There are 2 protein chains.
Amino acid sequence: MKITRNTIAKTEIRNLINSSKVALSHAEIQQALNNICDRVTIYRVLDRLVEEGLVHKIVNVDGVIKYAECHECAGEHHHHNHIHFSCQKCKSVTCLEDVEPFFNLPKQYKVMEMNFTLSGLCPQCS
Amino acid sequence: MKITRNTIAKTEIRNLINSSKVALSHAEIQQALNNICDRVTIYRVLDRLVEEGLVHKIVNVDGVIKYAECHECAGEHHHHNHIHFSCQKCKSVTCLEDVEPFFNLPKQYKVMEMNFTLSGLCPQCS
DNA sequence: TTTTAAAATGCAACACTATTGCGTTAATTT
DNA sequence: AAATTAACGCAATAGTGTTGCATTTTAAAA
Ligand SMILES: [Mn+2]
Ligand SMILES: [Mn+2]
Ligand SMILES: [Zn+2]
Ligand SMILES: [Zn+2]
């Protein structure tokens with residue numbers, strides 16, 4: 001694995017994601033960071049965090065990618081089989097780490113990643 | 001419900017989607033249509049087809065939206081609880097209409113839509 | 001501590017997907 | 001055939017994400 005360095009941007013972005021109850025988009029992170037770094041740097045830091053297994057990506061129903069903390073992925077491959085909930089009213093995306101769906105897939109398919117997203121109204125908004 | 005008209009573009013796009021074994025993106029549809037209409041028209045037709053319950057959207061793992069035929073949605077609300085498979089090699093996105101995941105969601109959540117996408121290698125590519 | 005290698009950054013340009021406004025065209029209804 | 005308005009084309013704009021390259025910064029080696 002490639003050597004990575006700890007920088008201010010990386011530390012700040014990681015803290016932001018880890019202290020957030022909901023998944024964050026690039027735009028939301030940029031907003032919160034108050035120009036401590038360039039927007040391209042944010043994209044690159046996020047890529048690194050995903051690479052290192054510290055953060056995982058969620059493709060939201062509108063196609064925008066959100067990022068959330070990983071809990072047991074560091075080092076190894078990501079293995080996220082939990083569901084995400086995207087609220088149509090408050091626009092929040094939440095990891096439901098306890099909710100893992102079951103399904104019967106034909107054996108010929110080789111699964112590398114999963115993306116389960118429900119959308120509707122979250123408990124606060126319904 | 002609003003009145004809709006049958007136009008050449010709509011007919012062609014619908015035929016294209018219905019005769020395809022895989023879900024199609026806007027770009028792929030435009031490619032196949034050979035400039036019979038403007039690219040904006042394709043977006044608008046796709047919106048209408050979704051609205052009418054003839055076609056459903058799939059958000060692919062890269063954030064690009066793909067479109068596939070609906071089988072039992074016309075008129076009513078969309079109710080797609082089947083899984084989609086996105087092949088990392090041939091880039092195809094396939095509806096697995098028989099594969100419906102089961103999960104236990106806390107009751108406070110009100111689900112309107114579901115988006116289940118797996119990525120990896122399809123039978124042809126693995 | 002100073003030197004050094006290369007990881008990380010800033011900035012500008014670019015690519016791709018999708019949306020909006022508005023004047024014009026064409027599908028239905030009468 | 002005339003009237004209504006859904007649908008269209010075109011140009012402009014917005015949003016998200018990527019790439020190239022010169023410069024800065026980190027962390028390890030000397
Ligand atoms: Mn998650
Ligand atoms: Mn489908
Ligand atoms: Zn909400
Ligand atoms: Zn394939």
Side-chain angles (χ1 to χ4, degrees), chain A residues 1-17 23-68 86 88 91 93 115 117 119, chain B residues 1-17 23-68 86 88 91 93 115 117 119:
Chain A
M1 188 136 70
K2 212 172 158 190
I3 294 167
T4 64
R5 297 175 177 174
N6 289 317
T7 62
I8 298 170
K10 185 179 171 186
T11 307
E12 291 298 317
I13 291 171
R14 197 180 166 196
N15 286 344
L16 205 60
I17 292 173
L24 300 174
S25 66
H26 170 275
E28 290 164 337
I29 291 169
Q30 187 180 13
Q31 174 83 21
L33 282 185
N34 256 1
N35 290 325
I36 67 158
C37 67
D38 191 77
R39 53 189 296 282
V40 177
T41 298
I42 301 175
Y43 279 116
R44 298 201 261 228
V45 168
L46 289 170
D47 282 348
R48 254 180 289 153
L49 291 173
V50 170
E51 191 86 12
E52 295 170 32
L54 299 172
V55 156
H56 66 284
K57 286 189 187 192
I58 304 145
V59 184
N60 199 2
V61 285
D62 57 4
V64 175
I65 294 172
K66 299 238 177 182
Y67 298 86
S86 177
Q88 292 170 346
K91 308 294 176 192
V93 172
N115 222 298
T117 305
S119 66
Chain B
M1 187 133 69
K2 210 173 160 190
I3 295 168
T4 64
R5 297 176 179 174
N6 290 318
T7 62
I8 297 170
K10 186 179 172 186
T11 306
E12 290 297 317
I13 292 171
R14 196 178 168 198
N15 286 344
L16 205 59
I17 292 173
L24 300 174
S25 66
H26 171 276
E28 290 165 337
I29 291 169
Q30 188 181 13
Q31 174 83 21
L33 282 184
N34 256 1
N35 292 323
I36 68 159
C37 68
D38 191 76
R39 53 189 303 284
V40 177
T41 297
I42 300 175
Y43 280 115
R44 298 200 260 230
V45 168
L46 289 170
D47 283 348
R48 253 181 289 151
L49 291 174
V50 170
E51 190 86 13
E52 295 170 31
L54 299 173
V55 156
H56 67 283
K57 286 189 188 193
I58 304 145
V59 184
N60 199 1
V61 284
D62 58 3
V64 175
I65 296 172
K66 298 237 177 183
Y67 298 85
S86 177
Q88 292 170 348
K91 309 295 177 193
V93 172
N115 230 298
T117 305
S119 65

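Just so it is clear: chains get the letters A, B, ... in the order the sequence lines come, proteins before strands, and each one is counted from 1. Source: prediction; values computed, not measured.
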Side chain to side chain contact (heavy atoms under 4.5 Å, CB included) with A:V59: of A:N115, A:T117, A:V64, only one passes, and it is A:N115
Looking only at non-hydrogen atoms, find the nearest pair between A:Q30 and A:R39 and report the distance.
NE2-CB, 3.5 Å
Shortest non-hydrogen contact between A:L33 and A:I36, atoms and distance
O-CG2, 3.1 Å
What are the 5'-most and 3'-most nucleotides of DNA chain C lying under 4.0 Å from any heavy atom of chain B?
C:dT17 to C:dT28
Please report the interatomic distance CD(B:E12) to SG(B:C37), rounded to the nearest 0.5 Å.
9.5 Å
Working for side chain to side chain contact (heavy atoms under 4.5 Å, CB included), residues A:L54 and A:I17:
CA-CA 10 Å; A:L54 299 172; A:I17 292 173; over 6 Å; no
So, B:E52 and B:K10, do they make that salt bridge, N to O below 4.0 Å?
yes
Assuming nearest nucleotide by heavy-atom distance, tell me which of B:T41 and A:T7 is located more 5' along DNA chain D.
B:T41
Got a second to check how far B:R5's CZ is from B:R48's CZ, nearest 0.5 Å?
10.0 Å
For B:T4, which contact category applies under a 4.0 Å heavy-atom criterion: base, sugar-phosphate, or nothing?
sugar-phosphate
Length of the CD1-C1' vector between B:I8 and D:dG9, whole Å
14 Å
Give the angle between the helix axes at the two ends of the helix from C:dT1-D:dA30 to C:dT30-D:dA1, taking five base pairs at each end and rounding to 10°.
30°
Kindly compute the distance separating CG (B:D62) from NZ (A:K57), expressed to the nearest 0.5 Å.
9.5 Å
With rounding to the nearest 0.5 Å, note down the distance linking CG in A:L46 to CG in A:L24.
9.5 Å
Under 4.0 Å between a side-chain N or O of A:R5 and OP1 or OP2 of D:dT25?
no
Taking atom P of D:dA6 as reference, at what distance in whole Å does atom CZ of B:R44 sit?
13 Å
Please report, rounded to the nearest Å, how far the P atom of D:dA7 is from the CG atom of B:N6.
9 Å
Around atom CG of A:N35, are there more than 12 heavy atoms of other residues, nucleotides or ligands at under 6.0 Å?
no
With sugar-phosphate meaning primed atoms plus P, OP1 and OP2, does B:R48 contact a base, only sugar-phosphate, or nothing at under 4.0 Å between heavy atoms?
sugar-phosphate
Working note: B:H56 + B:Y67, criterion side chain to side chain contact (heavy atoms under 4.5 Å, CB included); need CA distance, chi angles, decisive distance, verdict.
CA-CA 6 Å; B:H56 67 283; B:Y67 298 85; over 6 Å; no
Using atom CD1 of A:I42 as one end and atom P of D:dT18 as the other, report the distance to the nearest whole Å.
13 Å
Nucleotide N/O to protein N/O under 3.5 Å, stretch nucleotides 11-17 of chain D:
residue	atom	partner	partner atom	Å
D:dG17	OP1	A:I65	N	3.4
D:dG17	OP2	A:Y43	OH	3.3
D:dG17	N7	A:R39	NH2	3.0

